[in-house]
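Encoded as structure tokens, the structure appears first; notes follow it.
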Amino acid sequence: MQGDKRYWTFDHIRKVALKHFLWIMIAWWTGGAWVLYFDDAPTLVKELATFQAPFIAYLWIGILTATTYVFAGHAREQMCIYMCPWPRIQAALTDESALNVTYRRDRGEPRMSVKKAEAARAHGDFAGDCVDCHQCINVCPTGVDIRHGIQLGCIQCGLCIDACDNVMREIGRPKGLIGYDTDINMQRRRDGKPPIYRIVRARTLIYTAAIAIVGTIMVYTLATRATMDVNVLHERNPLFVQLSDGGVRNDYTVRILNKGAQRSFAIEVSGLPGANIRVAGVEVAPDGKPVVEVGQDQTREVRLSVQVGPADLPKSSRDLEVAITDTASGGRASARDHFLPGDK
Ligand code: SF4
Ligand code: SF4
């Protein structure tokens, strides 16, 4: 009670503070850690620990930690009921032959206490097996009363099945008052017919085909995905450098992505006759191409300078292609940018 003086004791405040601190730590660990999916994780962890990571990384860790703390710590089942798309998808996929967590109404109603049920049965009246103990509601993580039928809040976790089975065991009645069942079977039992289970039907065949197609596309995409890529960004300040011999130099930031084992990439530029290229701080192959080594599953940025003498200078901006070639496998990736000939 917040009005109770005992509520504000040091011990109570300490416990509440500790609880929320632990929640925030769990939110940081489970939510904030998502940021690691979007960069080289070991490198980013090191940068975060030494406060050298980009500001955007800290910002997103803060946002994801805060949203996880609020959603999982405070909103809880409201997330399942009002925000999660799964119940809507599930409702659209299900039909009267689908196996769902079901309260077997035909067996459970009319619900009444054990004593009243015994008395009713002694008079030859029908008494349902549900004793209205609310155990199925108490254990439900989203607070659903499954006895009202399938609802959007139900996440099909099955906890109510176990809770009800325990109750049935204690009062000596058969288990399965709540279980996986279909609407059709409830109706068939009411009509005195045996239950049927139609697993193979048009709906399940279509779903299976859809999942198989999507799964095949995903496996194919994974198997044939590019393991290398390159991005090129033209230097903005300055856009070009006028050289003393009349030539012009443009600089670029080249970012090489290596999604495979450690390997070397040769850089070349095409589309600009007479161009000389240079990459600071890397070796040059016998054919004159700069060779950049990139570690396993890493990216590396290098500065590429493209220089054109006065005789070969284009009259206007010229498109060029920067390509990288895996020196071992011959695999190739490229990106386009442009060369500015300066003030002509
Ligand atoms: S746990 Fe079983 S017996 Fe108890 S209220 Fe739920 S359905 Fe009825
Ligand atoms: S299956 Fe889980 S979510 Fe659904 S009613 Fe039972 S306990 Fe609640």
Side-chain angles (χ1 to χ4, degrees), residues 30-31 33-38 64 67-68 71-72 75-109 128-130 135-168 174-227 259:
T30 56
W34 273 98
V35 168
L36 301 180
Y37 280 93
F38 299 94
L64 292 169
T67 48
T68 306
F71 292 160
R76 299 189 192 181
E77 71 273 12
Q78 308 306 321
M79 295 295 299
C80 305
I81 296 169
Y82 299 110
M83 291 184 71
C84 178
W86 169 244
R88 279 82 191 164
I89 297 169
Q90 181 177 279
L93 296 180
T94 200
D95 66 2
E96 68 282 359
S97 294
L99 280 168
N100 284 312
V101 176
T102 304
Y103 168 67
R104 293 185 167 114
R105 171 171 286 276
D106 53 300
R107 178 186 147 190
E109 302 294 328
D129 276 343
C130 176
Q135 285 304 307
C136 49
I137 308 169
N138 294 342
V139 299
C140 179
T142 59
V144 161
D145 184 349
I146 195 67
R147 295 175 301 172
H148 295 155
I150 298 171
Q151 292 153 67
L152 283 186
C154 177
I155 56 173
Q156 301 283 317
C157 66
L159 288 177
C160 53
I161 297 178
D162 296 339
C164 190
D165 281 351
N166 286 339
V167 174
M168 291 296 116
K175 293 195 296 182
L177 177 55
I178 302 177
Y180 287 96
D181 207 348
T182 68
D183 288 350
I184 277 190
N185 281 341
M186 272 206 284
Q187 188 55 50
R188 285 179 67 87
R189 280 193 299 272
R190 279 199 199 104
D191 298 341
K193 296 177 184 168
I196 52 166
Y197 295 97
R198 290 173 50 230
I199 305 295
V200 180
R201 52 193 196 277
R203 185 181 282 259
T204 54
L205 289 175
I206 291 169
Y207 293 162
T208 306
I211 291 169
I213 290 168
V214 172
T216 305
I217 292 171
M218 288 173 72
V219 169
Y220 174 78
T221 309
L222 182 66
T224 58
R225 80 192 169 117
T227 58
K259 300 178 196 169

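Predicted model, so just to flag it, every value in this text is computed and none were measured.
- Minimum heavy-atom separation, Leu93 to Arg203: O-NH1, 2.7 Å.
- The line from CG of Leu64 to OG1 of Thr30 is 9.5 Å long, rounded to the nearest 0.5 Å.
- For the pair Pro87 and Ile155, the minimum side-chain heavy-atom distance is 4.5 Å or more.
- With respect to Asp95 and Arg201, a salt bridge is recorded, a charged nitrogen being found less than 4.0 Å from a carboxylate O.
- Minimum interatomic distance between Thr142 and Cys80 (heavy atoms only, all atoms of both residues): CG2-CB, 3.7 Å.
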### Task
Start with the C-alpha distance between Asp129 and Arg107, add both sets of side-chain angles, then the distance that settles salt bridge (charged side-chain N to carboxylate O under 4.0 Å, His left out), and finish with yes or no.
CA-CA 6 Å; Asp129 276 343; Arg107 178 186 147 190; 2.6 Å; yes

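- Listed for the Arg88 side chain is a donor-acceptor partner under 3.5 Å among the backbone atoms of Cys84.
- Judged purely by distance below 3.5 Å, without hydrogens or angles, the side chains of Tyr82 and Glu77 never pair a donor atom with an acceptor atom.
- In this structure, CG on Leu177 lies 11.0 Å from OG1 on Thr102, to the nearest 0.5 angstrom.
- Atoms SG and OH, from Cys136 and Tyr103 in turn, are 8.0 Å apart once rounded to the nearest 0.5 Å.
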### Query
Between Ile137 and Val144, is a side chain to side chain contact (heavy atoms under 4.5 Å, CB included) present by the stated rule, with each step listed?
CA-CA 6 Å; Ile137 308 169; Val144 161; over 6 Å; no

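- Judged by distance alone, the side chain of Thr227 and the main-chain N or O of Lys259 form no donor-acceptor pair under 3.5 Å.
- Between Ile146 and Gln151, the shortest heavy-atom distance links the atoms CA-NE2, 4.0 Å.
- The two residues Ala163 and Val139 have their closest heavy-atom pair at CB-CG2, 3.7 Å.
- With respect to Asp145 and Arg147, a salt bridge is recorded, a charged nitrogen being found less than 4.0 Å from a carboxylate O.
- In this structure, Thr182 and Glu96 have side chains that are not in contact, with every pair of non-hydrogen atoms separated by 4.5 Å or more.
- Enclosure of atom NZ in Lys193 is not indicated, since only 12 or fewer non-hydrogen atoms of other residues, nucleotides or ligands lie within 6.0 angstrom.
- Listed here is the closest heavy atom pair of Ser97 and Ile184: OG-CD1, 3.4 Å.
- Side-chain atoms of Thr94 and Asn100 include a donor-acceptor pair closer than 3.5 Å.
- A salt bridge is defined here as a Lys NZ or Arg NE, NH1 or NH2 lying under 4.0 Å from an Asp or Glu carboxylate O, and Arg189 with Asp181 meets this definition.
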#### Entry: Intermediate values then yes/no, side chain to side chain contact (heavy atoms under 4.5 Å, CB included), Trp34 and Thr68
CA-CA 11 Å; Trp34 273 98; Thr68 306; over 6 Å; no

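- Listed for the Gln156 side chain is no donor-acceptor partner under 3.5 Å among the backbone atoms of Cys154.
- Put simply, OH on Tyr197 and CG on Leu99 are 7.0 Å apart, with the number rounded to the nearest 0.5 Å.
- Atom SG of Cys164 and atom CD of Gln135 lie 9.5 Å apart (nearest 0.5 Å).
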### Query
When you look at Ile178 and Val101, which way does the side chain to side chain contact (heavy atoms under 4.5 Å, CB included) test go after all the steps?
CA-CA 7 Å; Ile178 302 177; Val101 176; 3.9 Å; yes

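- Between the side chain of Arg105 and the backbone N or O of Met186 there is no donor-acceptor pair closer than 3.5 Å.
- Taken from CD in Gln90 to CD1 in Ile150, the straight-line distance is 8.0 Å, to the nearest 0.5 Å.
- With hydrogens and angles ignored, the 3.5 Å screen pairs no side-chain donor or acceptor of Arg76 with any backbone N or O of Phe71.
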